Every structure is written in C-alpha cells, then in structure tokens.
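Throughout, a chain's letter reflects where its sequence line sits, starting with A, and its residues are numbered from 1. This is a predicted model, so every value here is computed, not measured.
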Amino acid sequence: MTKRTKNTARMSQKNSKNVSFFWDQHALRSDNAGRLVFLNGRYNKKLSNTSSLPQGVSFSNSKENGVFCYFPDNTIILKPLHIVFLTDKKHNTKYRNVFTLGAGSKICIYEEHIDLASTATKQESSSTLKVAAGAKLDYVKLYNSLSKNKTKSRSNNMTTVTALTNSLVKMQHIFLGGEKIEEKLQLQLAGENAVASIQSLAWLSNKEYTNLDIEIQHTAAKTKSHTLYKSIANDESHSVFRGKILVDRDARQSEGLLKNHNLLLSNKAQVDTLPELEIYADDVKCSHGATVGDLDEKALFYCASRGIAEKDARVMLLHAFLAEIVDKIEDKIIKEHIRHNLNIFSPDLTFIL
Amino acid sequence: MKSSAMLKIENLKVKVVDKEVLHGIHLQINPGEVHAIMGPNGSGKSTLANVIVGREDCQVQNGNIKFCGKNLLELSVEERALEGIFLGLQNPVEIPGVNNMYFLRAAVNSKRKKNGLDEVDVMDFVEIVKEKMALLGLNESFLQRAVNDGFSGGEKKRNEILQMLLLEPKFIILDEIDSGLDVDALQEVSRGVNSLRSPKRSMLLVTHYQRLLNYITPDFVHILANGKIVKSGGRELALQVEKEGYSWLNTKTIGDEVW
C-alpha cells in the first residue's frame, strides 16, 4: 500500500467515502504545481498539497474563502495549479478568488467544481483575474456532479478578466452536470494586441440547466478574441448561451469571432442562443454565428453500413462534436482528465479521439 | 439458376422521393461471381446499390431481395452490414473529429462481436492495418486523420477499400469506385479489390465506364436503363458500351430480359 492510499484510507474516516473515491480516481493527484482543495466552503489541509506550491500563492480560510495568487513578473509554472471546490453535503458556500499574473508570466490553472453530495447544494463564486503585459494564462474550469442525485447542485459564478498588452488569455469551461449552473464571464482586452481564446463545452442530460454568459470587451486596438461554445442538450436539459462582443471606439483593427454550435437530441430539451455584436469602431473584423441541430443522418448511416451499432455510433459522433474543444486543452494531464470525465457519460465507448 | 444464390433480387420496384426509380429488377448473383452494372446517368444504378444496403430514402414498393436465403428487407442497415454486405461509396461522408483508426477498429470490433470473438488487440490491429495500407499505397499518417475529413477523392476511395479489406465482407458492392481516379490510383484500388476475389465472395460493381472492368474483370455485365436491366451478357457487353456508348439502347426495344 502506498503512502497516498493509506492517507486516503485514513481520510475516509473523516470525510465521506465519496471524497476518497474521488481522489483515488483523480489523474492530477501528483502531476500538479500544488493543489488547493476546499471542502464545503472550508480550506481542507489534508486533501491539499502545498509542498510544491509556487511562490505567491496563498489562500484564505476566513469568512471569504478562496485562493489568492500573485505571480511576480516572468513567473513560469509549467504544471497546472490545481484548485478544487468540493461539496459533499448540504451546504451554501461562497468563494472569492483573485489571480494576478505579472508581466511575462505563464500560468496554467485547473479549477474543478465537483458536487458529491446527495442533497441539494448551492455554491457561489467570484473570481478576478489580471493578466499583465505579455503574460499567458491558461484557465480550465470543470463543473461536474458525481452524486447519484445528479440534479441537485446549483452554482453561480462570475469571472472578471482584464488582459493587458500582448497578453494571451485562454479559457475553457467544461460543463458536465448540475441542476443549475450559471457562469458569467466578463473579459476586457485592455491592451494592444491582447488575445482571448474561449473554447468551451457542455454535455447536459436529465433536467440540467447551464447558462453561459460571455461578454468580451475590446477596448484597445488590434485585440483579438475567438469564442467557440459547443453544447449537447439531451433529455429535458436546457442550454443557454449569450455571447457578446463589444468593440470600443478606440479598438481599431480588432478581430472578434463568436460561434455557438448546439446539438438538440431530444424533443424535450431546449437550447437558447443569443450571439451579439456591438461595434463602435471602424476597420474591425467581427463575425458571429449559431447553429442548433441533430446528429448528421448521413454519418449515422455510414456508421451503420459498417456494422457499428447505432448507440455506439451516436456516442462516437457526440465525442467527435466535442473533440474540437477537448483538443484545444493544452495541458496533457488536464486533457486526459477531461476525457476520463467524458467517458463517464458513455462507459461503453472510450474517448480516445 | 442454381438455388445456392448469394444474392437474389426479384421484381424489385423502388421509389425515391415519390418517384419510381427501379421498375422491376431481377438479378441473381452466385458465390464467387463478379457482376458489373453499367448504365447511363440516372438509370438507377446507385439506387440499386443503396437499396441492397438499406438506405432509408429507397422505399421498396414491390419485390424482394434475398441474401444467403435471408429476407434482406427485414434487416436494418447495421444487421445487413453484419451479415457481410459492404457498400463502397463513391463519395463517403466526412466525419470530422472521429479518428480514422478508431472508426476502423469500431467497425472490425462490431463484426467480431457478432461472431462471438473478443475485441481485436490494438497492437495486432495496427499491424494488420499497416499491411493492408501498403497494398493500397497509403502512408501511416492516414490513420491519424479524421474519417474522410479533407481527404482527396482518391484518398476517400482508398479508405473505402481499406475498410473493405479489414471487414472481409461476403458481398461487396462498389458504387462508381473508379470515378475521379487517375491510372495509378485505379490500379491500387483494383489490386485491393482483386485481392479479395474468392469462390466464396461475390461482388457487384456499379460503373458508368468500362475502364474499371479492364482492371477488375467481371463474369457478367448488365446494362441498366430507365430502371430496368435491358441487357445482360459477359465481358464483351462492356466493350460494346465503350465502343457505341449508351445511345443504342434508345433505338432498340427495351425488352424484359429477365434472368
């Protein structure tokens, strides 16, 4: 028995079985640049790993819980900083996070919101990020509900990002379950040549509801943003997307691209999509588009004509639909972990794309 | 005709979008035989190929199709494929995001499952695929790409033949597999097809031109015009078409040359 499993075993006496099971399965147990875990609103020392935590990372365990990071200029951290917000019992939690990236720094953050509780949970969080000149932020957020009663968790989150000159912000939301998830992102490209790339996905079933609301403000010249959100709505689920690109008068020669593609797989599922452009500058290149449809009949026929069962073919095509987003995750371990989570949706077919 | 037919089509009438396209087809294909269906554009050649594999938009109005004694019309597309029927398409669909290797393995595993076998070992499978790809002049990067996504016309057809070589179907239908291929590609595709010829396997080649038949020699040639087989014969019939085109069909009475 390794040291870790011993630890986990001991832990399970204190925490619920679910929590230890969750950790045993986790791909990012060791391959991270430190891990901060909050359980039911409180920082959890036992589940966290602060031995390799980079300089400038701290956390608060007072009334306003959350993570505070100040990365000095030129800080480069290759492995992801792993932040986990776990809920395993009925609880209302609030988190407040602040991330400040100094000039020229490169940081990857993997933030998980995991619900393991069998009763109703409610979570609120607000995060503020400042990305200084030439810095690169890679930020992946996963929302998942692993409880048996998948449809009892509510989550309301607000993220504000300011990106300065020549910086690059990559954000990815992965929504895999929860009764009601509301995610708001306000991203300001405030310095010349700042670039934002948002590549997100949702796979909803049962009565799950997800609302992703993105507003990208181009306030400086030559800024670029690229947003792609893909969602799958099955059963009686409901996926809402509002995306807005706002280009200020000073943001000349900016580029904005906003796309939302949805698969509506059931008669009772619902998709609302509202892509918007609001442009006050001349000489800009902006476009937006949205589609709602079903799986490609021709592709299903092709699979069937090769003897592939319809169920398998559908899962294969759904994975293919999401692969475009998953492939964009830069960090290999996070990518593997997201694939692992997607496989839970379709245990008969492995996500190896 | 012998009763051990692999495929037997009787008085088949098929509608596609409210229009009858096939007006009573009779055709019997025995094990080991290679048949070619030729005909002008719009004669119903592709419809015939599609109705055999069970495409939904081909509505059978009359007649029946038997495959190894089973009533094919009662089987789903997937069941027909698992019975050993394969259609190589002229323009197969592109599936972005699905890795070609993965797709091939899923297809092979479906067949193995049906035959009560375990899933194919990944490493073994890679070796088998590489061997077949060499025969078709394909390089390995081909496997890492998405199914038919951004493939050239020639690559798509070779991918169809690759699937066929891996699935080793009992009955192979190739719909205009020669269209848009240069001579080199045509030779490689034909080599792949010919490598599967066996006394237990039958083929139906659907083609507009006789060129393909220089590479894959058929035992029988049928001319399809206006939804009916108007003439059947041997290899020489294809040569006559090459010489005279299809115009001679109009001047002759279109008879019911029933098999």
(message) Using every non-hydrogen atom in the two residues, find where Ala323(A) and Gly97(B) come nearest and quote the distance to one decimal.
(response) CB-O, 4.2 Å

(message) As an exercise: rank Lys111(B), Glu79(B), Gln163(B) by heavy-atom pairs under 4.5 Å with chain A and give me the winner.
(response) Gln163(B)

(message) Tell me if the CD atom of Glu276(A) is crowded by more than 12 foreign heavy atoms within 6.0 Å.
(response) yes

(request) Flag yes if more than 12 heavy atoms outside Asn267(A) fall under 6.0 Å of its CG atom; otherwise flag no. (result) no

(message) Looking at Glu140(B), I'd like to know if its CD atom is crowded, meaning that more than 12 non-hydrogen atoms belonging to other residues, nucleotides or ligands lie closer than 6.0 Å.
(response) no

(request) Calculate, to the nearest 0.5 Å, the distance between atoms CG and CD belonging to Leu300(A) and Glu56(B) respectively. (result) 10.0 Å

(request) Decide yes or no for Ser305(A) and Val77(B): does some side-chain heavy atom of the first lie under 4.5 Å from some side-chain heavy atom of the second? (result) yes

(message) Take a 6.0 Å sphere around NZ of Lys328(A) and say whether it holds more than 12 heavy atoms from other residues, nucleotides or ligands.
(response) yes

(request) Measure the spacing between CD of Glu78(B) and CG of Asp312(A) and express it to the nearest 0.5 Å. (result) 8.5 Å

(message) Please determine whether the number of non-hydrogen atoms from other residues, nucleotides or ligands lying under 6.0 Å from atom CG of Asp118(B) exceeds 12.
(response) no

(request) Could you look at Asn148(B) and say if it's the side chain, the backbone, both or neither that has a heavy atom under 4.5 Å from chain A? (result) side chain

(request) Quick one: closest heavy-atom pair of Ile308(A) and Ser110(B), and the distance? (result) CA-OG, 3.5 Å

(request) List the atom of Ala320(A), the atom of Pro96(B), and the distance in Å for their closest heavy-atom pair. (result) CB-O, 3.5 Å

(message) Are more than 12 heavy atoms, taken from residues, nucleotides or ligands other than Lys224(A), located less than 6.0 Å from that residue's NZ atom?
(response) no

(message) Is Val108(B) in contact with chain A via its backbone, its side chain, both, or neither, using a 4.5 Å heavy-atom distance?
(response) neither

(request) Could you grab the distance from atom NZ of Lys298(A) to atom CG of Leu89(B), nearest 0.5 Å is fine? (result) 11.0 Å

(message) So Phe301(A) and Arg55(B), do their side chains get closer than 4.5 Å, heavy atoms only?
(response) yes

(message) Can you confirm if the NZ or CZ of Arg306(A) lies within 45° of the ring axis of Phe103(B) and under 6.0 Å from the centre of its six-membered ring?
(response) no

(message) Let's test your reading of the structure: which of Val147(B), Leu82(B), Ile85(B), Asn109(B) forms the most heavy-atom pairs below 4.5 Å with chain A?
(response) Leu82(B)

(request) Identify the heavy atoms of Ala81(B) and Gly307(A) that sit nearest to each other, and give their distance. (result) CB-N, 3.4 Å

